Structures are given as structure tokens and as C-alpha cells.
Amino acid sequence: MSLRPTEAGAEYDPIQLEVFRNLFHSTAEEMGVALCRTSFSPNIKERRDYSCAIFDGAGRVVAQGDHMPVHLGSMPLSVAAAIEDTSMGPGDVVIVNDPFRGGTHLPDITLVEPVFVEGATEPTFYVANRAHHSDVGGMTPGSMPLATSIYQEGIRIPPVHLVRGGELVGDVMSMILSNVRTPREREGDLTAQIASNRTGLRRLLSIVEKYGLDVVQAYMGHLMTYAERMTREAIRQIPDGTYRFEDCMDDDGQGNGPLAIVVTITIAADKARIDFAGTAPQAQGNINANYAIALAAVFYCFRVIVPFPIPSNHGTLLPLEVVAPDGCLVNAQAPSAMAAGNVETSQRIVDTVLGALAQAIPEIIPAASSGTMNNTTLGGIDLSGAQFAYYETVAGGMGARPYADGLDATHTHMTNSLNTPIEALEHAYPYRVTRYEIRRGSGGSGTWRGGDGIRRDIQLLVPAQLTILSDRRVKGPYGLQGGGSGRPGRNVLVSGDDEHELPGKVTKLLQAGDIISVRTPGGGGFGATGDGDAGS
Amino acid sequence: MNRLVIGIDTGGTFTDFVLMKDGKVRVHKEPSTPDNPAAAILSGLREMGVDGVEIVHGSTVATNALLERRGARVALVTTAGFEDVLEIGRQTRPAIYELGVTKPAPLVAAGDRFGVRERLDPQGAIVEAVDPDSVAAVTDRIAEGNYDSAAICLLHAYANPAHERAVLSALADRFAGFITASHQVVPEFREYERTSTTVANAYVGPIMRRYLGQLADQLPGSPIRIMQSNGGSISLQSAQRAAIQTVLSGPAGGVVGGAEIGRLAGFPNSITFDMGGTSTDVSLCQGEPGRTAESSIGGLPIRLPVIDIHTVGAGGGSIAYRDPGGALKVGPRSAGAQPGPICYERGGTAVTVTDANLFLGRLAPNHFLGGGQQLAEEPVEAAMGNLAAELGMEPIELAEGVLRVANTTMAGAIRVISVERGFDPRDFSLVSFGGAGSMHAAALARDLGIPRVIVPFAAGILSALGMLLADIVRDYSQTLLVAATALQPEVLETEFRKLEARALEDFALDGLDAADLRYERSVELRYIGQGYELEVPMQADFEAAFHEHHEQRYGYSDPQRPTEVVNVRLRVVAPTQKPAMESEPLTESDSTAAVLGEHEMVFDQQTHAARLIDRDQLHPGSTFIGPALVVEYSTTTVVPPDIRCRIDGHRNLIMEIAP
């Protein structure tokens, strides 16, 4: 076997490298299949709002499934927190959701399990998966309330043992289940998450058995330097220089806004510095993102601009220096409210970073996509007297590309979750969907048109608490090179004959018969049409 | 009166014929005639000198119409306000990290989708009655709109078909084209998938109806059955109504044929492995092929029971290259048939899996397609040298690496259908076919711990063989979505009876008698709140069976947790009279007579003097030990060093893979 030195001086075989990349990646994918098919939250089973990943013994990510982009880059911080705060032995599982101890926002619960090869005293790997639970307590059903502090948003779980030596820690489970609205569903989801990690663990042990521990460990390292090389190669294709861009969040749901996100990107050969200095301070409302989310959004942007796939591992992040002042909107500190940071602000970070990169590589970067996940939560008591909590995101228009129209009615950038089928929704919840259609004409004009958004109207059959976390309700997604901006979204409440506009972020008790109509933004257009039309 | 049966598989290049008479198999190949597929069928039958036989036919007419978007002009009727469900799909993009991502356009454009005012709830109760005025307006537009066909898909029609029937009947009064409604095609919940399936049926329906009509006209003396994606056949008349059930019939025929070969060879548990030029299909058979209701074609979901085939984009034409990070990649880019691998000398310049096989002596340059095509070695050596230099390795090392990487992808595909579903590959045999499969099968089996490889006697016409052997099968289903504890056994019985009544009606139309039918009842369950269901055979304690199945498939179960019955399924089988395949007596022989000469092959970077063996000269009882290269018209089998081979009584080549 001929071996070549890597930049780090270690030697690897290009064939073995691809074989191991495939093995680790398919392991993470296998974990995802197991989780998706056995979970109970619509968010996990139908919308696939989850991610699974494998880490080395130092907690560095080795491979991650092609799941939710917003989880890429942020999961290692959960594993790091679990390693730092607890002592994990064989058969232990640590649970965490605290955004200030390795989490993102409270509904995302991460389970970390160490993998011990026979005879080893230290873990060779960790496996972890993260899933968006339908409810984790807090002010409103669905746990995405218009809060002003983390304490209002639900149960905050620091890294603690959920399973010890293969035995469920009943105290912890009971504590969690007592703090959520739909405990039976939570229990089922956590069981599915435990099983998903077991799937990964078994697979990793069989890989070690087949290839030997030394080889497996060597290739975990090689795969990281490989990903690092790939990312450096990608950055090298961007002209050196400093690129600045500013965009904003409409508001924080507490009457404050707009709130600026400012980025300055410095490209120097094969390194990039991404600095968020100038960004607004952390907000009173719940749109705060932590550093993990900023990292994930930046990583996503660099991953999509290259024409070849970069594996998602620790090495990818090394050439990227992400700087965000403590206490700003994209590096918020405790005890700020965080629910929308992961799902809304993350999209704006992408818009901002891509906006800056559009100055460097205009032939690659698309106009802004809808830039909001239009998070809609409804909860209350159904006709049988049971508590329910429902959470859904609604897609919007994709920004026009420099070579093609944007897609209509499609989830973009940091999310790719499925809708809940109307027939499944109406079976499970006391709602009736009255309209689900493409919001024609909402995409920005241009040589290439921005994609159109969606209109989804839901009528309630029982009273329920509505919470909407949406953005781009004031300022539409930007166009590029003279293309028009996409039309901003709208949230409309219809009560009988009365129809009125709701703000982008709102919580409200609705009556039976009320209809909530969520109309999502179109994408920005690309290129001037020449007829002076600069948007809608 | 036993009529002869012939299986006819129309493929892109060849139309294959398999006839069984007096226990012997007769095979014929005829160049396909894509403009008029019936022409090849007629000339093939003439060539074989058979007349008035019963035909089981698999066709790609519907498949190609869908893949090439050459289907009918369809109008779609939906519940008002939901005209865009077909286009919105599930709101997702097919690739997360591609800024240039595209989605397949809907089969029916926005201007051809019409809403009618009506609404049902999930139990099928009427929320809003069908509005006659809106139906009249829609039927007017469709009648005047120059459409070939119409699809109707209303919300919750699976729970109550009354509204769809009302629209259908109003439309039928005004519109003479092909009409199909979702409750007829797939009465199951999830509106997007049901709409997509129904629309696809309307899209291919008129084309299949025309094609099958012409075929019947040209073969007046032959009863014709049509192969379906579920592995069974159906009368030609029925196929005209439910054309969508035929779109995956080609691969299904291959799996049915492969499973049957495995069974005949004494190994009923098999994994079929069909490796072609651009992709590889694998399927797991426990006695018979597994099934799934989650499939898609050209990116469009088709929610009908089909043989569970997992496809990966790796085949003989997959291109090898060095990626910017310095790893060796193989595929998913493929040289396809044009320009094809370098060794075909049709302009291909990129190293492919086929080129790597040739370079290592795993293809015989003078024996490809029976010697009909000479493979060029020199340009392959040059290109292999260049790529090897780029990667800093020896050409031989590279060529073996290309095969290893390709095999990793294919082993992954087999893991998906076996290990990931709770099956151990060690309990299965690998049935290998397709042009490229048997060059990789032994290495793959060794990699996965599969104890033996079967290369069927008719590897090149396996699909046609599967068609010949296919029973007549119809699948019925009904969504219930009721908690298992709330479901009275009588209610369940009534649901099955309703499906059986439908089946009897359908089979009666085809002139089949109730006495000949076998009913297979099953239920699909999930824990209440889950999003995916598992199918278990109907039995008194089907809940216990579900818990057990869940444990096997996902590693845990919770017998305390309440379950719900999502769908009931009925599979009705009319077994066809199968020609017996006689086993020939074994004559021990060391295969010397079949040796064409010596041939150099590379394994583990060592060059071996291997034997080149003519498959057609081997006979039942022949044995030999690798290294060897076995050539035949449609495929080449690589036998690595020390692997024992034998030819069984059905002329299958069996490789025993030492663990």
C-alpha cells in the first residue's frame, strides 16, 4: 500500500480515505433513519428536524448525516459540554438542551453516548443525535414563546445522565416529563433517540472489529485533515479582500427593531475571518442566537459555495475564524431568550454572510431567500380533553440564482424540513386547513425571478394559543444586481368577518372558528429587467 | 388444457423472450423497436415459431413516458384551495448544499389544476357538500380544454369516496378522455403522495391504453398479462386502467426471477444484486421478495405496493476521479452508454469501473458480448496511468482501489436493505445479475459475510423469466387510522371483506374464479403518534406481532404503548400454472473441457495465471476453483483465487465464499 504524506505529516491512502468517509457517513445516516422512523414528535418524524453525528474520543466531529444544516457545526459544542460537565462510562447517555451549555434553543434536545472499544478505559468515539421536540414546557404550548428570558422558554437541561450503565435514570426522566405538556410523546422521542445512538454505537464497534482500532483512529484524523484541505481549497477560489454586508431582523417581538446583523469577511489566501462586529446587542426578545448557531450558519455558507462536497467534520471549521462580540445578537449570553435564534436569526446570518460573499463571487451567490421559517405553534386542549402542542414551519420563495429562477415554495438554507401532510394534521389535531397554495407574484422581479412563497390557512376547531415567530414581515428578502426584493410575508387573523394583520412575532389566544393565514415571503430577484422594475 | 406461457421483457436495447416447454427453457433476444415496441414482440414470436401462447409482458412504455416526460396532457381536480399541493410537495429541496438545486416540475402545470368547492373531515364526514356549480365550471373547462386525461384527488377521499365519485360522474358525462380518481388508485392518507400517484396514473394511462390496445389487436390469439411493479401480473384490460402499477415492472421482474432461481438452487433467502451501467438495484427476499409502499420514479412519489428495491448510483460506467482533497471518488457521475467507458472506444476519456475491471483482467477483451465487441486495452492503460500519477499511486493499486470504492457503495446499499432492517447478510445468498454484477459479486459477498453467490443460468434474461413465473396479483388497501384498542375485530373483518368484494369484482372481470384465489391479509400499524407504519400479517394478536417486528427493525419496542391501525392491506393472488423447471442430472467434471485458455488476472496486487472458462461449455456437475474468469454472452463472472465453483442441476453457477 503506497502512502502519501498529508500536510500534517501523517500518511494516508486515498482509497482507504474514501472508504472510511463512506463508512462514517453512512453510520450517521443509519442513525438518522432509525430516529426518524420511530419518533413521535411531528417535528422529528414528518419534518425531519434532527441530526446525527459521530465524534472521536476528543469530541471532535468525524461525520455528520445530511440532516439539518443548522445543527452542523453546533453539535460538537453539545458533546464538548457533556464531556466537560460529566463523567461518562460504558452504557451512559448524557442529555442536554441548555443553549448556554452546548445547546441551541430549548426544544432541541441532544443525547450523547460514549463508545468504548473492548478493554478501553477512555471512549474511542462519541455518538450524538439532536431532535426538535414538540414541547419542552415554558410559557406557551410548543415552547417557542415570545419570552424575554430563558427561564420562560421551558425546561433547561444542563448535561446530565439520562442513562447510566444501560439503566434509565428515572429521576431525571421524571423531572423532565413533569415539566412538559405532552410527556408520553417526549418519553417516546427520547427512547427513539437512545435507540438511534445505540444503532451508531453498534455500527462503529463493527467497523473497529473489521479494520482494527489503529487504522480506524488514523483515518478519523486523516478525514479531518482532508476536510480541512477541501475547505482551504474552497476559500482559495474566493478573491482575497474584505467584504462587508449588513442586513437586519425586523424586530425582536418586544417592540424593538430593526436589529442589525453586520458581517465583515476577510479572505486571505486559504483562510477566512468572519467578524460580526457592529451587530446589534443581544435583544430583549427571543431572537438571540448563540455562538454555536453563528458557527453553523457560517459553515453552511462556505459549504454551499464550492462545487464539490466537503465532509462535515472538525477539519472543515479550522480555516474559518468566526468572531462575534460577547453579548451581541449572534453570540448572546445567559439568561437571554433564545427560541427564535436557531430558526430565524440563523437565516439572517446566512443572508448577511452570503450578501458579503456576493461582492467577491457574484457569479455564484443567489439573491436572498425567504429568510424566515415562519414558525407556527398552536396548543391547547383537544376535543377529548388531552393537551396538544403542534409546531410547523412554512417554506417560502428561494432567491433567484445568477443563472436560474429561485424555486417556489421551498425550504431554504438552514432548514429542509418536510411539511406535515394536511390529512395527517387533521387526524391528529383539532384544526382544519382551509387553504394551502403558492403565493403567486411574491418573488422579486429580475432577469431571474425570485421564487414565490406559500399561503397556508388553518382554522381552529377548539380555542388554542397561537404563537408565530416569523421575520421578513417588514423588509423583503434582498435582490442582487438590480433584481427586485421579494415581497415581505404577512400573518393575517380572520375572526368571522373580521380580518386583521398580526405582527411578525405574536402570541394570542384564538377562538374556535378563527383562521390564521400565514403568507410567506418570496425570494429576491437577480439582475435588472431593464424596464425599471425594481421589485414589488 | 395447459397453454404455453412466454415471458417477454421489452428493454431499451433488447426484447427478451423466455419460454418453458417440457421442463426446458428456451431463450430468444430480439433488438427492441422503441418506436413501436410491438414490432419486436411480433418478430420475436415469429422467429421462435410460437403462436397462440399466453404472454406475460413487461414494458417500459409507462416508465419511459414518465422519465422522459412524454405523457398525456392531464387536468387535475382538487379540493378548492389545494390546487398547488402537487407543486408544493413536501416543501423540501432534493439537495441541501447545492445553490443550483432544481426540483422536478409537476406533471400538471398550475393552469391545468382546478379546484371544486367541497370538504370532508378525516373520518369522511361531510364538512361542505360538493358544490354543483363549481363542479360544472370545472367540467366545462376540462371538456373544452383539449386534455387527454383527468385526475381527481380530493382531501380525505380515502375515508369517503363519495365526493370523488360525484366529480367523476359529472366529468364522465362531459369528458371522453381517461379519468382516474385517487380512491380508485390508492385510498390512503397523505394528500401529496396520493395526488402524485393519481396524477402519474393519468399521465401514463392514455399512452398505456393505446399501446396495450394495439398489442392486443396484433396478437388476437394470445391472452396477454402485464407485469406490475408489485412482482405480480395482471390482465391487459386491468393494466389499461391502472397503468401506473407497471412503471417499475422491469426491475420487479428481475427480482422475482432472481428469487425463484435462488429457491430452485435450494437457497430461498436471497439478496438480488443487479448491477448495470449507471446504477445498481438490490433487493432482499425471504422466500419471496419484500415489498414497500414508498417508492418514487424520476423524483415523483408513487405510493403503491412495489417490490422493495434499493437503487444506488454506482455501476460499470461510474467515473473515477481525484477530488480536491486528494481522495479517490467513484461516481455518481457516469459515462453511461455514451460516451461509455474508455475501453468501448466511443469517445469516453474518463476512467470507469468497467475500465478498472478490464485493466485487472476481470473482463476478457475478446469475449465481450460473445466476442461481438472488442475491448480496447491500450487507451485504458494510458488513462489509468495518468490518474494513478495524479493520486501518487501505482496503476494496479488505483484500479483495485476504484473497485473497492465502488464496492463500498454497493455494500452500503445491501446494508440498507439487510442490516438496517434487522437482517443478517450471513443468512442470505447473493443472486447476481445485470451486465456488471458478477464481476463484483464475490468481493462484495466476502465483504458482507454472505456465504455464497449464485450467478443464474439466465442472468441476461432474468427479468423475462420473472415475468413468466409471476402470479396474478392485485393489491388493495384502505386507510383506517384507528387506535388498535378501539378497533373491534368485527370492524376489521368488515374492512377486509370490503376489500375482498372489490377483488372478486375485479378478478371476475378478468374471468377468474373466486375458488382460484388466495387472500393474504395484513395490517399496517404504528405506535400512536409515530409517522411511519410497519406491515404485519393479519393474525389474532397482530399487536404483539407489531411489537416484535418493531424490536427487530429498530432495536426496541414498548408493549405498554398504544398502537393504531393505519392501513389494512389485502393481497389477492391467483397462482398461475408454472412450468416445472427440471433439474438435470449432475455429471462430475473438472471443467477442463470448458477452458478457453489462460488469462492473467490481478488480485491484491498479485498477477495470477487464471483460467478463462466458457460458461456455455460448463454442464451440471462441473466444478472448478478460482482464480478464473467465466465468460458468457451477457455477463462475465470473476472467481477470485481459492473460491470453489460448481454448476448445479439448473445450470446456475454457484460460488462458495469461504468466511
Side-chain angles (χ1 to χ4, degrees), chain A residues 1-2 4 14-15 17-19 21-23 26 30 33-34 37-40 42 45-46 66 69 185 188 191 195 198-199 226-227 229-230 233 303-305 308-309 364 366 394-395 401 403-404 407-412 416-419 421-424 426-427 432 434-438 454, chain B residues 81-85 87-93 96-103 110 119 121-122 127 155-156 158 189-193 322-330 391-394 397-398 400-401 404-405 408-409 412 415 420 481 527 529-532 550 553-556 558 561:
Chain A
M1 198 172 288
S2 66
R4 271 141 302 278
I15 298 158
L17 192 65
E18 174 64 8
V19 169
R21 188 202 57 75
N22 194 317
L23 286 175
S26 67
E30 251 175 69
V33 170
R37 300 193 77 101
T38 62
S39 56
F40 292 83
K45 67 186 186 189
E46 299 279 9
D66 288 335
E185 189 182 277
T191 308
R198 300 296 302 178
T199 301
Y226 163 72
R229 278 198 305 280
M230 297 277 270
E233 181 60 34
R303 178 151 177 192
V304 292
I305 60 173
F308 43 83
I364 290 175
V394 188
R401 285 75 67 93
Y403 42 83
L407 299 180
D408 298 332
T410 303
H411 268 308
T412 47
N416 196 35
S417 55
L418 283 79
N419 56 9
I422 295 162
E423 291 170 348
E426 294 186 355
H427 176 73
R432 185 166 299 135
T434 57
R435 201 190 268 256
Y436 186 37
E437 63 191 19
I438 295 173
I454 282 180
Chain B
F82 300 89
E83 295 86 346
D84 290 340
V85 161
E87 185 164 352
I88 295 172
R90 300 300 300 272
Q91 296 192 161
T92 51
R93 58 197 192 277
I96 302 180
Y97 299 107
E98 284 174 25
L99 292 174
V101 65
T102 57
K103 288 203 289 195
R119 191 66 151 86
D121 78 4
V127 174
L155 286 177
H156 299 300
Y158 60 89
F189 86 126
R190 292 189 179 100
E191 66 281 355
Y192 167 60
E193 287 76 5
R322 177 194 184 277
D323 80 1
L328 172 66
K329 294 272 180 189
V330 179
L391 281 149
M393 54 172 67
E394 293 302 315
E397 192 188 357
L398 167 65
E400 288 202 275
R404 255 190 83 199
V405 171
T408 306
T409 305
R415 285 187 54 84
E420 279 189 37
L481 282 170
Y527 290 115
Q530 282 185 326
Y532 293 87
H550 198 276
R553 180 105 181 227
Y554 300 117
Y556 78 95
D558 182 357
R561 189 172 272 278

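Every chain is numbered from 1, with letters handed out A, B, ... down the list of sequences. Remember, predicted model here, so these are calculated numbers, not experimental data.
- Contact check for B:Thr408 versus A:Glu18: no side-chain heavy atoms found under the 4.5 Å cut-off.
- Contact annotation for B:Tyr527: both backbone and side-chain heavy atoms come within less than 4.5 Å of a heavy atom of chain A.
- When each of A:Arg21, A:Arg435, A:His427 is scored by its heavy-atom pairs under 4.5 Å with chain B, the top score falls to A:His427.
- Rounded to the nearest 0.5 Å, atoms CG (B:Leu155) and CZ (A:Arg432) are 11.0 Å apart.
- The two residues A:Glu233 and B:Pro324 have their closest heavy-atom pair at CG-CB, 3.9 Å.
- In this structure, chain A has no heavy atom under 4.5 Å from any part of B:Val330.
- No side-chain heavy atom of A:Pro14 sits under 4.5 Å from any side-chain heavy atom of B:Arg322.
- We find the OH-CD distance between A:Tyr436 and B:Glu191 to be 8.0 Å, quoted to the nearest 0.5 Å.
- Contact between A:Pro421 and B:Arg90 at its shortest, heavy atoms only, is CD-NH2, 3.3 Å.
- Taking every heavy atom of both residues into account, A:Ser417 and B:Thr92 meet most closely at O-CG2, 3.6 Å.
- For the pair A:Glu423 and B:Glu193, the minimum side-chain heavy-atom distance is 4.5 Å or more.
- Most heavy-atom pairs under 4.5 Å with chain B, from the set A:Thr199, A:Leu407, A:Asp408, A:Leu17: that is A:Leu407.
- For the pair A:Ile438 and B:Glu83, the minimum side-chain heavy-atom distance is 4.5 Å or more.
- At a threshold of 4.5 Å between non-hydrogen side-chain atoms, the residues B:Asp121 and A:Glu426 do not count as touching.
- Separation of atoms NE2 (B:His550) and OG1 (A:Thr38) is listed at 5.5 Å; rounding is to 0.5 Å.
- By number of non-hydrogen pairs under 4.5 angstrom with chain A, the leading residue of B:Leu481, B:Asp558, B:Val101 is B:Leu481.
- Looking at B:Arg119 and A:Thr434, their side chains never come closer than 4.5 Å, going by heavy atoms from C-beta outward.
- For the atom pair CD of B:Glu98 and CZ of A:Arg303, the computed distance is 10.0 Å after rounding to the nearest 0.5 Å.
- Although no hydrogens or angles enter the test, the distance criterion places a donor-acceptor pair under 3.5 Å between the side chain of A:Asn419 and the main chain of B:Gly89.
- Contact count against chain A (heavy-atom pairs under 4.5 Å) is highest for B:Val405 among B:Thr409, B:Thr102, B:Val85, B:Val405.
- Separation of atoms CG (B:Asp84) and CD1 (A:Ile454) is listed at 9.0 Å; rounding is to 0.5 Å.
- Under a 3.5 Å cut-off, the side chain of B:Arg93 and the backbone N or O of A:Thr410 do not form any donor-acceptor pair.
- Of all non-hydrogen atoms in A:Tyr226 and B:Ala327, the two that sit nearest each other are CE1-CB, 3.5 Å.
- A pairwise comparison of heavy atoms in A:Ala424 and B:Phe189 identifies CB-CE1, 3.8 Å as the closest pair.
- Atom CD1 of residue A:Ile15 and atom CG of residue B:Leu398 lie 6.5 Å apart, to the nearest 0.5 angstrom.
- Counting all heavy atoms, side chain and backbone alike, B:Ile96 lies closest to A:Val304 at O-CG1, 4.5 Å.
- Interface remark: B:Tyr192 contributes no atoms to any contact with chain A (heavy atom separation under 4.5 Å).
- With a 4.5 angstrom heavy-atom cutoff, A:Arg198 does not touch chain B via any of its atoms.
- Taking A:Ile305, A:Leu23, A:Thr412 one by one and counting their heavy-atom pairs under 4.5 Å with chain B, the maximum is reached by A:Thr412.
- Side-chain contact between B:Asp323 and A:Met230 is present, with heavy atoms from C-beta onward closer than 4.5 Å.
- Side-chain atoms of A:Arg229 come within 3.5 Å of backbone N or O of B:Gly325 as a donor-acceptor pair.
- Here the side chains of B:Tyr97 and A:Asn416 are not in contact, with every heavy-atom distance at 4.5 Å or above.
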